[in-house]
Every structure is written in structure tokens, then in C-alpha cells.
Undergrad: 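Before we start, here is the structure in question, set down as C-alpha cells.
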Amino acid sequence: ALERARLYEAETTARRRAEEAQQRVDFVARVSTVLGGPLDYQTRLDRLAQVVIPYLADGCIVQCPGPHGMVEMSSAAHLLPDKLAAMRRLQYLPTRETAAYRAFIAELSAGRPVLFTDFTADVVAALTNKPEDLEALRVLGARSVMVVPIMTGRGFDGIIALFSTESERHYTADDLA
């Protein structure tokens, strides 16, 4: 009976891993379709922001800077329509003037992702001191955030920010692998 229980547990684990692997393959296929389609750039950004929900995130912002560093193209999506307004407010916020924010941007510009496993009020306060930023982040209710740079042959070309707001997901270093 003990051996049968072990075999059952091994089979269940193998089945779960196979299903997770299939979900990853399906997700990569959807992203590839979005990025490779004959759509204009803004439509691709919009679809990319939408395709990660709910597989990777509850909310997503994709930003691409223009020639002077200001956000030129951006898209936001969220699992819940009432949180989408807060996501959109965060899309085009100007540069924040805190040391933590400058360090955050330096990491992304160097091609390194930034992970906030626990996106606490202290983290928010270190990144911004502007009331409109604080209010948008409060309404959004992010628990965990992962920001991944978009790197191209030209170098740093934007970011994809993934937010956990409704789920119990807390991003870890394994999520960046």
C-alpha cells in the first residue's frame, strides 16, 4: 500500500509538471503570435499587455521610451476593469526624483530586471514622493511587482512591469529565470 501511494504521488507530480510545461508552451506561442503579427506597434504593445493576464500577472504595463527618454508608447491591462484606471495613471508618470528611483532605472537600463517580492508602503515611498503616484499605487494595491527590461540591438528599449494585485502570487527570483 505504501508503494502504491508513492507511485500515485509520483504520477500526480509528473502530470502536474507536464500540464505546467504545456501551459508555458501555450503562453510562449501566444506571445510569439502577438509579437510576430502584422500589426502596428501600439496594437502589439496593447496585446502584449493583455496576453500576460492572468498567466503571469494581474496587471501589466508595457512602456517604450522615445528619443528623449520620455515614454512615447505605452499600454496597460488589468484583470479587473476598475483597477485599469490606476494602471493607466501609472503609464505616463514623469521621472521621479528619488535616489531609489534613479537606482531602479539604472538597473533596468543595464538590462537587469528589478524584483519587488513584497511591494510594501516603504518600497513605494522610496520610489516616489508624489501624491498622484502614491494614490495610483494605493488604488492598484500591488502586493508583488516584477519589472523586466526590453533589450534590443539598440540596448534598453523599454520595460514590462508585472503586478500581482488580486492573486496571492509573490514573484521570486525563480520567476525571472
Undergrad: Ignoring hydrogens, what is the shortest heavy-atom contact between Ser75 and Asp46? Give both atom names and the distance.
TA: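 So the two residues come closest at OG-OD1, 2.7 Å.
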
Undergrad: With a 4.5 Å cut-off on side-chain heavy atoms, are Leu45 and Cys64 touching?
TA: yes

Undergrad: Could you grab the distance from atom CG of Asp58 to atom NZ of Lys83, nearest 0.5 Å is fine?
TA: 8.5 Å

Undergrad: Let me confirm one number: the CZ-OG distance from Phe104 to Ser109, rounded to the nearest 0.5 Å.
TA: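 If we round to the nearest 0.5 Å, Phe104:CZ and Ser109:OG are 10.0 Å apart.
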
Undergrad: When rounded to the nearest 0.5 angstrom, what distance separates OG1 in Thr13 from CZ in Arg15?
TA: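 The OG1 atom of Thr13 sits 10.0 Å away from the CZ atom of Arg15.
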
Undergrad: Does the pair Arg138/Glu135 count as a salt bridge with the N-to-O cut at 4.0 Å?
TA: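 Between Glu135 and Arg138 there is a salt bridge, with a charged N closer than 4.0 Å to a carboxylate O.
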
Undergrad: Which heavy atom of Leu108 sits nearest to which heavy atom of Ile159, and what is that distance?
TA: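 Scanning both residues completely, I find the closest heavy atoms to be CD1-CG2, 3.8 Å.
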
Undergrad: Let me check something: do Leu79 and Val139 share a hydrophobic cluster, defined by ILVMFWY side-chain heavy atoms less than 4.5 Å apart, either directly or through other members?
TA: no

Undergrad: Atom CG in Asp174, atom CG in Leu176: separation rounded to 0.5 Å?
TA: 9.0 Å

Undergrad: When you compare the side chain of Cys60 with that of Phe163, does any pair of heavy atoms fall below 4.5 Å?
TA: no

Undergrad: Looking only at heavy atoms, what is the nearest atom pair of Ile150 and Val62, with distance?
TA: CD1-CG1, 4.2 Å

Undergrad: If you round to the nearest 0.5 Å, how far is CZ of Arg112 from CE of Met151?
TA: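 One gets 9.5 Å once the value is rounded to the nearest 0.5 Å.
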
Undergrad: Give the intermediate values and the outcome of side chain to side chain contact (heavy atoms under 4.5 Å, CB included) for residues Glu168 and Arg143.
TA: CA-CA 8 Å; Glu168 294 300 318; Arg143 294 183 178 118; 4.1 Å; yes

Undergrad: Is there a path of hydrophobic side-chain contacts, each under 4.5 Å between heavy atoms of I/L/V/M/F/W/Y residues, joining Leu80 to Leu84?
TA: no

Undergrad: What are the two closest heavy atoms between Ser74 and Ile61, and how far apart are they?
TA: OG-CG2, 4.2 Å

Undergrad: Tell me the closest heavy-atom pair linking Met87 and Ala76, and the distance in Å.
TA: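 So the two residues come closest at CB-CB, 3.9 Å.
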
Undergrad: His78 and Thr165: side-chain donor and acceptor closer than 3.5 Å?
TA: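 His78 vs Thr165: donor-acceptor pair found between side chains.
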
Undergrad: Identify the two heavy atoms, one from Ala136 and one from Ala86, that lie closest to each other, and give their separation to 0.1 Å.
TA: O-CB, 3.6 Å

Undergrad: For a side-chain contact (heavy atoms from CB on, under 4.5 Å) with Tyr171, tell me which candidate from Leu162, Val147, Val145, Thr117 qualifies.
TA: Leu162

Undergrad: Rounded to the nearest 0.5 Å, how far does NE2 of His170 lie from OG of Ser164?
TA: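 One gets 6.0 Å once the value is rounded to the nearest 0.5 Å.
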
